[in-house]
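Atoms within each ligand, like the ligands themselves, are counted from 1 in listed order. It should be emphasised that the depicted structure is a prediction, and the values quoted were computed from it without experimental measurement.
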Amino acid sequence: MKTVLSCIQPTGEMHFGNYFGAVQNWVKLQDTHRCFYGIVDYHAMTMPYKPDKLRQNVWDLAFNLLAVGVKPESLFIQSLVPEHAELGWIFNCFCSYGHLSRMTQFKDKSSQNTASDKDGFISAGLFDYPVLQAADILIYKADFVPVGKDQDQHLELSRAIAQRFNNTVGKDYFVLPETLHTESPKILSTADPSKKMSKSAGEKHYISVFGEEARIRKQIKSAVTDTGENSNTMSPGVENLFTLIKAAGDTEGYSALMNDYNQGSLKYVDLKENAANALVGLSTTFRENKAEITADKRGTKDRIKAASAEIRKVAQNTLREVKELTGLLNVKQV
Ligand code: TRP
């Protein structure tokens with residue numbers, strides 16, 4: 001079985017954009033690959049943050065991921081596998097300053113933080129973040145990394161680090177990881193289909209995966225369909241509703257409505273009704289799962305910790321070999 005690794009930053013609620021865009025695919029990949037999915041709290045410290053909130057977000061996200069179908073044995077919390085940070089340091093010495101300086105995500109995020117309403121603090125961690133990301137990936141010798149196109153540059157850096165490492169130690173030790181670009185639907189804000197569905201734009205602009213039925217229905221009902229412009233192509237808002245129906249797995253409803261659209265007889269109320277039903281159907285299952293696992297919070301947390309401890313063994317093994325290969329000393333294991 002090939003190995004898959006991906007990671008997600010712990011930031012609040014999960015919405016359908018996150019779910020259909022990434023997490024749904026993670027769940028599917030578990031049937032065919034050995035999967036490692038990390039909640040990366042060391043990464044979340046690179047921007048100004050609140051310690052209590054960080055821990056809360058980590059647990060919330062862990063529970064949410066389990067509720068939507070990530071298996072506990074695939075899941076780990078990065079700070080419970082501290083070898084990532086140690087390998088990250090070692091990788092700093094295999095990564096050129098020049099290459100790291102070219103990362104566009106750093107440029108974007110550091111300019112966000114110099115915006116007038118922010119405190120202007122840019123951590124060295126933010127600059128170094130892609131090196132830790134390389135450690136996340138290579139420590140499990142991942143073959144494939146399912147991520148969006150925005151991460152291509154980081155993956156390329158990971159391969160450069162692996163390559164330099166291999167050259168230095170004179171051995172093809174690290175696998176060169178590949179990005180897995182699966183066709184995942186891009187979900188737009190229903191309130192403003194010119195934007196992506198996202199939390200940063202405000203409450204109207206995302207639909208929570210664990211949202212109450214009434215709220216989901218209301219959000220879909222008020223979805224923007226036509227922009228008022230007369231055109232022969234499907235408007236982004238209408239297309240987005242079709243995308244949601246298809247992503248939620250209602251292929252029958254999708255085909256029937258598309259047929260109506262092609263005939264010019266599509267009623268937006270029907271489209272919305274169908275989209276709301278599809279999302280509510282998924283959300284109901286997810287909410288039930290979540291209620292079940294939160295009923296035993298302690299037990300669930302213990303299971304998540306135990307899973308991280310199992311995964312940690314893989315990371316420890318890699319790190320031991322890396323220290324051996326790089327001339328560092330290993331602490332004798334007791
Ligand atoms: N950098 C990724 C993001 O911004 C998150 C991430 C951290 C990641 N480590 C990773 C993704 C390892 C894939 C593999 O979303």
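Screening residues 124-160 for ring pair (Phe, Tyr, Trp, His ring centres under 6.0 Å) gives Phe36-Tyr140, His43-Tyr129, Phe76-Tyr140, His84-Tyr140, Tyr97-Phe127, Phe106-Phe127 as the qualifying pairs, with residues at least two apart or on separate chains.
Relative orientation of the His15 and Tyr206 rings is tilted, given thresholds of 30° and 60° on the angle between their planes.
Within a 6.0 Å radius of NZ in Lys323, more than 12 heavy atoms belonging to other residues, nucleotides or ligands are found.
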What are the polar N/O contacts of ligand 1 with the protein below 3.5 Å, with distances?
from     : atom 1 : to     : atom 2 : distance (Å)
ligand 1 : 1 (N)  : Tyr129 : OH     : 2.8
ligand 1 : 1 (N)  : Gln133 : OE1    : 3.0
ligand 1 : 1 (N)  : Gln151 : OE1    : 3.2
ligand 1 : 4 (O)  : Gln105 : NE2    : 3.4
ligand 1 : 4 (O)  : Tyr129 : OH     : 3.0
ligand 1 : 4 (O)  : Gln151 : NE2    : 3.3
ligand 1 : 9 (N)  : Asp136 : OD2    : 2.7

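Nearest approach of Cys7 to Val40, heavy atoms of both residues: CB-CG1, 3.5 Å. The shortest non-hydrogen separation linking Gly211 to Arg287 is O-NE, 3.1 Å.
In this structure, Phe94 has its ring center no closer than 6.0 Å to that of Phe174.
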